[in-house]
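In what follows, a single structure is set out as structure tokens and then discussed.
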Number of protein chains: 2
Amino acid sequence: MTGKSIGLQLRRNGFKLTPQRRAIIDVISGSEEHLTPSDIYSRLQHKYPGIGLVTVYRTLELLENSGLLCEVHIGDTCRSYLKRKRPGEHHHHLVCAGCGKVVDFVDCELGDLENRLTSETGFSIDSHLLEFMGRCASCRKLVSK
Amino acid sequence: MTGKSIGLQLRRNGFKLTPQRRAIIDVISGSEEHLTPSDIYSRLQHKYPGIGLVTVYRTLELLENSGLLCEVHIGDTCRSYLKRKRPGEHHHHLVCAGCGKVVDFVDCELGDLENRLTSETGFSIDSHLLEFMGRCASCRKLVSK
DNA sequence: GGCTCAATTGAAAATGATTTTCATTTATAA
DNA sequence: TTATAAATGAAAATCATTTTCAATTGAGCC
Ligand SMILES: [Zn+2]
Ligand SMILES: [Zn+2]
Ligand SMILES: [Zn+2]
Ligand SMILES: [Zn+2]
């Protein structure tokens with residue numbers, strides 16, 4: 001999903017497409033890394049100065065409610081976001097602890113485990129959270145130098 | 001692992017076993033639910049009033065560094081804790097969205113997926129985060145009434 | 001049982017992240 | 001172009017967490 005199509009999707013949902021929102025979408029779309037609100041805020045200062053941190057928070061909330069963002073739970077902050085490449089599609093993340101780069105994967109194959117847990121515990125299961133943490137090839141090179 | 005043995009473990013590691021720490025361990029040990037720092041703080045007020053929230057934070061940090069606690073990432077707060085039943089043993093959690101009750105399971109069987117991701121992406125993988133979210137039997141009854 | 005001392009505690013202040021408030025501006029549809 | 005509801009930004013408010021520091025205390029030692 002491109003930055004432009006994210007903007008169009010917002011409009012289709014009845015929201016205004018302001019320059020601030022374009023800029024924020026632009027920053028998120030142009031990053032392979034997961035970004036916190038203040039990461040996004042500081043990246044904005046270069047290309048689009050003057051946008052308030054409040055607007056970043058509000059836009060993130062809007063994009064998230066519209067299903068256009070992914071969350072990453074890695075590390076300590078639970079508040080780090082990423083463009084959702086294919087909205088609606090079930091997937092998970094492999095995250096680099098060095099640079100924050102995120103790779104998606106769709107085959108989690110947790111169905112059997114889920115069924116067994118359901119019958120063993122009496123819980124009904126609604127969803128799951130799965131993330132792998134590691135180091136991407138280029139971050140590994142840096143360390144070994 | 002009992003509350004008492006958690007206390008002993010702390011002493012073995014060279015820390016003092018104060019009444020405040022006993023009380024906090026007691027609260028955590030007596031709960032099947034994951035608890036945030038302020039959850040713990042408010043539960044303390046009944047049985048052991050006067051313990052400061054700062055002490056709760058400090059004790060949680062200590063217990064976590066000693067590997068005696070589990071973290072739950074469910075929901076919005078990344079800061080919710082639980083007694084670690086068998087320190088050192090690899091396991092994951094099934095969490096009730098209604099009451100917060102947590103059930104452990106040890107068989108995650110993510111090795112094959114991990115190997116495939118490693119070779120497909122060039123990442124090295126260090127760890128993973130896996131949690132199932134659902135509703136326990138008694139919370140399901142409440143809803144259906 | 002008392003003595004000593006570093007570790008621990010709690011109150012208050014400081015910090016940091018997020019949310020709310022509200023007056024002003026602006027994207028969009030007519 | 002105009003009207004209008006939505007969106008913005010600055011500042012204040014709120015909430016979670018950490019730091020500071022003086023007073024207290026657990027645990028080893030006599
Ligand atoms: Zn990397
Ligand atoms: Zn999955
Ligand atoms: Zn429940
Ligand atoms: Zn596992």
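Below, all heavy atoms of this structure are taken into account, side chains as well, without hydrogens, waters or symmetry copies. Letters A, B, ... mirror the listed sequences (proteins, then strands); counts begin at 1. The shown structure was predicted, so the numbers you read here are calculated from the model rather than taken from an experiment.
Aromatic ring centroids of A:Phe123 and B:Phe132 lie 6.0 Å or more apart.
Linking Ile, Leu, Val, Met, Phe, Trp and Tyr residues whenever their side-chain heavy atoms come within less than 4.5 Å places A:Ile28 and A:Phe15 in a single cluster. Both B:Met1 and B:Val27 belong to a single network of hydrophobic side chains, linked directly or stepwise wherever heavy atoms of I, L, V, M, F, W or Y lie under 4.5 Å apart. Put simply, A:Ile40 and A:Leu62 are part of the same group of oily side chains (I, L, V, M, F, W, Y) that touch within less than 4.5 Å, one to the next. Tracing side-chain contacts under 4.5 Å through hydrophobic residues (I, L, V, M, F, W, Y), one never reaches A:Leu129 starting from B:Leu110; they form parts of separate clusters.
Salt-bridge check for B:Asp104 with B:Arg86: failed, with every basic side-chain N at 4.0 Å or more from each acidic carboxylate O.
Residues of residues 19-27 of chain A that place a heavy atom closer than 4.0 Å to DNA chain D, in numerical order, are A:Gln20, A:Arg21. For DNA chain D, the residues of residues 54-62 of chain B within the heavy-atom distance limit of 4.0 Å (strictly under) are B:Val54, B:Tyr57, B:Arg58, sorted by number. Against DNA chain D, the stretch residues 37-53 of chain A makes heavy-atom approaches under 4.0 Å through A:Gly50, A:Ile51, A:Gly52.
Protein atom CG of A:Leu8 is 15 Å distant from nucleotide atom C1' of C:dT28, rounded to whole Å. Rounded to whole Å, atom P of C:dA29 lies 14 Å from atom CZ of A:Arg12. Between A:Leu10 atom CG and D:dT8 atom P there is a gap of 10 Å when expressed in whole angstrom units. Taking atom NZ of A:Lys16 as the reference point, atom C1' of D:dA6 lies 4 Å away to the nearest angstrom. Whole-Å rounding puts the A:Asn13 CG to D:dA6 P distance at 15 Å.
At least one side-chain heavy atom of B:Cys70 sits under 4.5 Å from a side-chain heavy atom of B:His91.
Distance alone, capped at 3.5 Å, is enough to place a donor-acceptor pair between the B:Ser31 side chain and the B:Glu33 backbone.
Comparing C:dA7, C:dT9, D:dA7 by their closest approach to the side chain of B:Thr18 singles out C:dT9.
Judged purely by distance below 3.5 Å, without hydrogens or angles, the side chains of A:His92 and B:His128 never pair a donor atom with an acceptor atom. One side chain, A:Thr36 or A:Asp39, offers a donor N or O that lies under 3.5 Å from an acceptor on the other.
Phosphate contact (OP1/OP2 of D:dA16, side-chain N/O of B:Arg79, threshold under 4.0 Å): absent.
Considering A:Lys47, A:Arg43, A:Arg21 as possible partners of A:Asp26, the one that fulfils the salt bridge (Lys or Arg N to Asp or Glu O under 4.0 Å) test is A:Lys47.
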